[in-house]
Amino acid sequence: MSHCLSPIIDPTMPIMPDEQLSDLQRAIATKVVLQPLEQLPRFVVGVDAAYAPDRVGGGTVACGAAVVIDTSSFEVVEQATATNHKMLDYQPGFLAFREAPVLLEAIAKLRRRPELIVCDGQGIAHPAKAGLACHVGVALDVPTIGCAKNRLVGEHETVDQNRGDSQSLQLTETDGTSTSVGAAVRTRDHVKCVFVSPGHMVDVPTSVAHVLALAPQFRLPETTRAADQLCRAALAGHEGRSK
DNA sequence: GCGACAG
DNA sequence: ATCTTGTCGC
């Protein structure tokens with residue numbers, strides 16, 4: 001019954017040591033493909049998750065949402081949700097193991113096959129270059145972009161205050177060399193930047209361009225906003241009961 | 001020992 | 001992420 005659709009990790013599996021999880025992330029990073037995605041697809045998927053205490057089990061309930069946005073109108077044309085109860089605790093650098101399973105389940109319920117997925121978190125702007133967006137992209141072999149509200153790793157120069165301004169996120173490797181893993185992007189004048197990085201089958205420049213196109217009015221992409229709204233509503237619907 | 005630290 | 005009211009501003 002509770003089969004997990006995630007080829008990455010089963011949320012019900014026994015606790016795995018951080019070292020082993022890091023190995024998995026390095027393996028995923030190996031599969032990430034960085035290449036331009038010149039055209040923004042007409043339909044873009046947004047995913048996000050919300051959490052709440054589980055009144056019955058005493059643990060935590062996670063609700064994941066996947067929405068399909070028509071970029072010609074920014075309307076939601078399709079949506080799906082999924083929930084699970086046993087997930088790992090949040091640890092910086094390991095978000096994907098907690099969040100990806102329920103997101104993949106929600107995505108699997110969509111009728112259409114995603115052409116591009118925008119995730120609420122990092123892509124390769126990650127200690128092992130395998131953030132949430134990479135996990136999702138590699139698992140489905142679909143282009144993904146990570147658009148996070150906060151920085152995890154990497155440094156950047158001061159970003160000018162107008163929409164469209166950006167600075168590359170530079171990550172210093174263990175060998176001392178520096179690599180661009182993403183960008184701090186201003187999607188609204190005088191408003192805090194978002195942190196954009198490729199998840200899979202996109203590159204930094206096209207990721208930035210697409211996030212800007214998807215966030216014409218607010219700080220966050222419409223995909224993220226719609227998914228956030230949906231998973232919160234769905235979570236509320238799952239409250240007061242369990243199983 | 002003291003910070004930093006996606007959601 | 002989640003806990004939480006009012007409040008300043010367009």
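Letters A, B, ... are given to chains in the order of the sequence lines, protein chains preceding strands, and every chain is numbered from 1. Hydrogens, waters and symmetry mates are skipped; everything else that's a heavy atom, side chains included, is used.
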So NE2 of A:His135 and CZ of A:Phe97: to nearest 0.5 Å the spacing works out to 4.5 Å
Under a 4.0 Å heavy-atom cutoff, the residues of residues 146-157 of chain A touching DNA chain B are A:Ala148, A:Lys149, A:Asn150, A:Arg151, A:Leu152
Output for pair (A:Asn84 CG, A:Glu99 CD), nearest 0.5 Å, gives 10.0 Å
A:Thr177 meets the side chain to side chain donor-acceptor pair (under 3.5 Å) criterion, sequence neighbours left out, with A:Asp175
Sequence neighbours excluded, the answer for side chain to side chain contact (heavy atoms under 4.5 Å, CB included) partners of A:Thr223 is A:Val44, A:Ile69, A:Val118, A:Leu214, A:Pro221
Each nucleotide of nucleotides 5-10 of chain C classed B (base within 4.0 Å of a protein heavy atom), S (only sugar-phosphate) or -, in 5' to 3' order, makes ------
The salt bridge (Lys or Arg N to Asp or Glu O under 4.0 Å) partners of A:Lys149 (sequence neighbours excluded) come to A:Asp120
Residue pairs meeting side-chain hydrogen bond (donor to acceptor under 3.5 Å, both in side chains), one or both in residues 211-220 of chain A, sequence neighbours left out, come to none
task = Identify whether any heavy atom of A:Ala125 sits under 4.0 Å from a base atom; if not, whether one sits that close to sugar-phosphate; answer base, sugar-phosphate or nothing.
result = nothing
Electrostatic pair A:Asp160-A:Arg186, nearest N-O below 4.0 angstrom
no
Here DNA chain B, pairs taken as Watson-Crick or G-U under 3.5 Å and shown with ( ), [ ] when crossing and | when to another strand, reads .......
Sorted by chain and number, sequence neighbours left out, side chain to side chain contact (heavy atoms under 4.5 Å, CB included) with A:Ala209 holds for none
Quiz item: Are any of the side-chain nitrogens in A:Arg26 or A:Asp23 under 4.0 Å away from the carboxylate oxygens of its partner?
Solution: yes
query: Is it true that A:Glu78 and A:Arg111 have a side-chain N and a carboxylate O under 4.0 angstrom from each other?
result: no
Applying side chain to side chain donor-acceptor pair (under 3.5 Å) to A:Gln170 and not counting sequence neighbours gives A:Ser168, A:Ser178
Chain A vs DNA chain B, heavy-atom contacts under 4.0 Å, first-to-last nucleotide span, 5' to 3', is B:dA4 to B:dG7
Separation of C:dA1 atom C1' from A:Leu88 atom CG, nearest Å, is 15 Å
Secondary structure of DNA chain C per the Watson-Crick/G-U criterion (both distances under 3.5 Å; [ ] crossing, | other strand, . unpaired) is ..........
Would you say A:Thr158 and A:Gln167 are linked by a side-chain donor-acceptor pair, where the criterion is simply a distance under 3.5 Å? no
When rounded to whole Å, the OH to C1' distance for the pair A:Tyr90 and C:dC3 reads 18 Å
With sequence neighbours left out, the residues meeting side chain to side chain contact (heavy atoms under 4.5 Å, CB included) with A:Pro92 are A:Tyr90
Hey, mind stepping through A:Leu103 and A:Leu132 against side-chain contact (heavy atoms from CB on, under 4.5 Å) and telling me if it holds? CA-CA 10 Å; A:Leu103 297 183; A:Leu132 176 63; 4.0 Å; yes
Item to complete: Identify whether A:Met16 and A:Phe94 are in the same connected component of the hydrophobic contact network (ILVMFWY, side-chain heavy atoms under 4.5 Å).
Response: yes
